[in-house]
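First listed ligand is number 1; within each ligand, the first listed atom is number 1. Remember, predicted model here, so these are calculated numbers, not experimental data.
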Amino acid sequence: MPDQHTVLFVCLGNICRSPLAHGIFQHLVDHSNLADKFHIDSCGTGDWHVGNPPDPRSIQTASIYGIDITHQRARQFNPTTDIECFTYIIPMDASNKKNLIKLGVPEPKLTLMRAYDPTLKTPQDVPDPYYGGDDGFDKVYQMLTRACQGLLDYIDHETHAQRT
Ligand code: 4NP
C-alpha cells in the first residue's frame, strides 16, 4: 500500500469545479484526521487561467460552507509528472476525460467525479458553471460534496480490503 493516497481533480480551466472539489475533499480528509495520508491537488487541461486564484463565485460558495480555497492557484495538467504522481485522476466531465486520454493518461487511472456519487446509477458530468449564474455554483457544490464523500469512502474501503 502506498504511504499516501494521491488524488488529482481535473476540469477545463481549474478555476471553478476542480478547485471546489479539491477544497471539499481536503476538508473531508482533514475532518477525518487523515491529512497525512493524502496528497490532494487540482488542475485544468487548459492554460487560460494558469496562476490565477479560483473564480470568485467558487471562493464565495466554498466560504459559505466554511471552506477556504483562496490560496489555490490554477495550473495546467502536466502529463510528464502528473500521470506518475497521482493514483486517482478524476475528471469533472466526459470532455475533460477525453482530453486526458489524448494527453496520454491510461484509461484505468481515470474515473469521472460523479461515478463516486452513491445516489447516481450512472455517472453524469459535473456541469461547467462558468457561464451561468451564482446558483449553478451551489448546485455544483452539492454534487461535489456527495461525490467527494463517496470517493473518501471508496478509498477507505479499498485500503482496508488491501490490508485483509
Ligand atoms: P472550470 O470552468 O473548468 O470548472 O474551471 C471553466 C472556467 C473557465 C473556462 C472554461 C471553463 N474558460 O473557457 O475560460
Side-chain angles (χ1 to χ4, degrees), residues 5-30 38-83 85-107 109-120 122-152 154-155:
H5 304 292
T6 50
V7 180
L8 181 64
F9 297 103
V10 186
C11 62
L12 182 57
N14 192 212
I15 55 167
C16 296
R17 292 166 291 175
S18 61
L20 257 185
H22 179 172
I24 294 166
F25 193 65
Q26 186 72 60
H27 185 79
L28 290 175
V29 162
D30 292 348
F38 279 83
H39 173 61
I40 304 161
D41 200 0
S42 69
C43 67
T45 55
D47 66 356
W48 310 282
H49 301 283
V50 168
N52 292 345
D55 186 286
R57 295 166 294 176
S58 279
I59 291 177
Q60 164 71 6
T61 304
S63 84
I64 288 169
Y65 297 97
I67 299 174
D68 180 13
I69 60 168
T70 53
H71 58 281
Q72 292 189 31
R73 293 295 176 267
R75 74 169 179 90
Q76 191 173 21
F77 179 77
N78 181 343
T80 312
T81 50
D82 288 333
I83 294 172
C85 271
F86 290 92
T87 307
Y88 298 92
I89 300 180
I90 304 182
M92 295 296 120
D93 65 30
S95 161
N96 305 149
K97 183 177 173 184
K98 220 179 195 175
N99 288 336
L100 289 166
I101 290 169
K102 271 192 212 145
L103 289 166
V105 183
E107 214 166 333
K109 271 201 177 223
L110 294 167
T111 305
L112 284 172
M113 180 82 227
R114 295 184 82 195
Y116 293 107
D117 181 340
T119 68
L120 292 178
T122 51
Q124 294 165 26
D125 290 344
V126 179
D128 187 348
Y130 186 61
Y131 294 105
D134 289 0
D135 68 325
F137 283 75
D138 198 71
K139 286 196 180 108
V140 162
Y141 177 89
Q142 303 302 336
M143 287 171 200
L144 290 174
T145 298
R146 287 193 298 275
C148 280
Q149 185 61 60
L151 173 62
L152 187 55
Y154 174 82
I155 294 176

_All pairs passing ring-ring contact (aromatic ring centres under 6.0 Å, His included) where residues 7-28 contributes a residue, at least two apart_ = Phe9-Phe25, Phe25-Phe38, His27-His31

*asked:* Working to the nearest 0.5 angstrom, can you tell me the gap between Leu20 CG and Ile67 CD1?
replied: 8.0 Å

*To the nearest 0.5 Å, what is the distance between CG (Leu28) and CG (Leu151)?*
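These two atoms lie 9.5 Å from each other.
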
*Is there a donor-acceptor contact under 3.5 Å from the side chain of Arg17 to the main chain of Val126?*
yes

*Of the options Ile89, Ile155, Thr87, which is the one that meets Val7 in a side chain to side chain contact (heavy atoms under 4.5 Å, CB included)?*
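Among Ile89, Ile155, Thr87, the one that satisfies the side chain to side chain contact (heavy atoms under 4.5 Å, CB included) with Val7 is Ile155.
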
*Anything under 30° is parallel, anything over 60° is perpendicular, the rest tilted; go ahead and classify Tyr88 against Tyr154.*
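Rings of Tyr88 and Tyr154: perpendicular, as their planes differ by over 60°.
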
Need the list: ligand 1 N/O atoms against protein N/O atoms, distance under 3.5 Å, rounded to one decimal.
unit_1	atom_1	unit_2	atom_2	d
ligand 1	2 (O)	Asp128	OD1	3.1
ligand 1	3 (O)	Leu12	N	2.9
ligand 1	3 (O)	Gly13	N	2.8
ligand 1	3 (O)	Arg17	NH2	3.0
ligand 1	4 (O)	Arg17	N	2.9
ligand 1	4 (O)	Arg17	NE	2.8
ligand 1	5 (O)	Gly13	N	3.4
ligand 1	5 (O)	Asn14	N	3.2
ligand 1	5 (O)	Ile15	N	3.0
ligand 1	5 (O)	Cys16	N	2.9
ligand 1	14 (O)	His49	NE2	2.8

